[in-house]
Amino acid sequence: MPVRPIRSSVSRRCSLHGTRPMADPVGKLSRSLGEAIGAAVDLERPGDPTHGDYATNVALQLAGRLRRPPREIAEELALAARTLAHVGAASVAGPGFVNLELADTWFTETLASVHADGDRFGGNSATTRERVQVEMVSANPTGPITVASARNGAYGDCVARLLAFAGHKVEREYYYNDAGGQMEKFRESVEAVRRGEEPPEDGYHGEYIAVLAETPGDPVPRMLESMEASLEQFRIHFDTYERQSVVETEIPEAIELLDTFEDEGALWARTSAHGDEKDRVLVRSDGVPTYFAADAAYVRRKYAKGFDRLVYVLGADHHGYVGRLQALAEMLGHPRESLEVLIYQLVHLTKGGEATKMSKRRGDVVFLDEFVEEIGVDAARWYLVSRGHDQTIEIDIDLAAEKTAKNPVFYVQYAHARIAGILRNAPEGSGSWQAASTPVGQFATEERDLVKRIVEFPAIAAEAAVRRAPHAIPTYAIRLADDFHRFYHHHKVLGSPEQEFRLALCGATKSVVARCLDLVGVEAPDSM
RNA sequence: GGCCCCGUAGCUCAGUGGAUAGAGCGGUGGACUUCGAAUCCACGCGCGGAGGUUCGAUUCCUCCCGGGGCCA
């Protein structure tokens, strides 16, 4: 089966993005090769397995700069490669590719190093550790968490998990407006129902309003409590909740620090001088501060807490905020890049193929709790993060439950459970990996493929973190599970002469599968 | 009118400069006396269009067409 070329971790990429996985066997190999020829080497897995274990096109890249024929460079590179430890063969192919075949010793030592890293394998890739705040969801407490907000949460939470795994100190924050007109409408709606009346036309009409009306007192705290419960059930935990009413009290201090001017009685921020498309009003001529003034106070407050980096997770309908938020960061004396706005495309709900407009006020939305009840947390989270954040998600509510059984999350979980089963049946004291436990005879293709897949993980995790692209994890996890299932089908672990090696291989696979599942907030079951 | 995202297989989507572009679902046909068949194996079709940069473009640039969103 042809294997898709996967970019391995490389020195060039690492230096570009400032990351370097702590133990990355492929990265180590490309670095030693790079040192041998004096240039950064990019190793990838060739699409055609007959081309060897790894290949590099570095000769082609160097040819133009060195004004030399690529194949000539490739020959020198191959010659250098052959002198390296664990390189079984190196050959030049095509216009100037160098294909490497690795010796069995590379596979055993590599697997040993994976075991040595244990839970840390693939982690701590960040060269500079930062204090990062990820602010996400931040839906106002006027109704239960919707599926739309759940995408925000699932994406943001996975980015936070990736950053934490990479070695950063991450806090998750939820921000809401407890003081605006929306909240008034919400309270009025509940009040109306208590009086036995219909909520106002422009109020909130969902069934949950009636439920809230049954208990006396301010409905807002209870609404918030139930939203938090939904999110916790969805495995999103917030470290802090911030309220706009509190932030607003600090507007004067924030304005003090900004680049401002007055025009027609209003106070403006000169955001256009800081990369925004136009200037923004801070205080209207009637003396009322704008939402942007609150944004400014909020940004100042975040930095004041000592964060090196502020991450905002916002839907595509907010893409216009990027310029003004970064302008605020800059005016407050921070690099504009230190305030990052992650934009994800929206969720489109359909029902039996027909689009449904989502409106919390009308109440015709799908709530996270309903969605989770229908398909479960694991399938829901997997579904929401497995496509790129730049991709609009379509969910057909009628088909969601039906399609759940086909969700690849179970394929990946099954690999984990299968391995757990093998390890349960393994004799006492076995599977303790030692570098010396070389297999009897040659490695099989499936074993080599599985090892190579496992060692892709550090580069995958590092790149997913740097690019804020958690969907790379599910994609990789499916391939890993795929390689494991194939290995399992072809080779017996227990009772085979290679038992010790294969148990070690199973253990490493299980650990990486579990890590992948954890990074997307999905459970890794020992049985299903 | 300006800006952002998208267009890859029948469907849902991976793939941010390399060799013959990959998965899942759906379809067809095979494999359980064996560590878990939620598994494995085999079979089909595809980069919206036109230019440009490059030794090489699904990938980068420009324009056009089509879908979604924001602002004015």
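Chain A is the first sequence line, chain B the second, and so forth, proteins listed ahead of strands; every chain is numbered from 1. Hydrogens, waters and symmetry mates play no part in the numbers below; they use all other heavy atoms, side chains included.
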C1' gap between B:C47 and B:A14, integer Å: 13 Å
Aromatic ring of A:H319 stacked on base six-ring of B:G69, 5.5 Å, 30°: no
Strand partner of B:G29, provided both Watson-Crick or wobble distances fall under 3.5 Å: B:C41
Sugar-phosphate only, base, or nothing, as touched by A:A417 at under 4.0 Å among non-hydrogen atoms: base
Nearest listed nucleotide, side chain of A:Q391, among B:U20, B:G18, B:C13: B:C13
Sugar-phosphate, base or nothing in reach of A:K492, heavy atoms under 4.0 Å: base
Reference residue A:E76; test salt bridge (charged side-chain N to carboxylate O under 4.0 Å, His left out); the match among A:R71, A:R68, A:R82: A:R68
Residue closer to the 5' end of RNA chain B, A:D526 versus A:H485 (nearest nucleotide): A:D526
Spacing of the P atoms in B:C45 and B:A23 (rounded, Å): 15 Å
Sub-4.5 Å side-chain heavy-atom contact between A:F484 and A:R453: no
Donor/acceptor link under 3.5 angstrom from A:N99 side chain onto base of B:A19: yes
Aro-ring/base stack A:F97-B:G18, d under 5.5 Å, angle under 30°: no
Check: A:Y312 ring centroid to A:H318 ring centroid under 6.0 Å: no
For B:C63, the Watson-Crick or wobble partner whose two distances fall under 3.5 Å: B:G49
Criterion side-chain contact (heavy atoms from CB on, under 4.5 Å) against A:Q345, the qualifying member of A:R151, A:H389, A:Q391, A:R387: A:R151
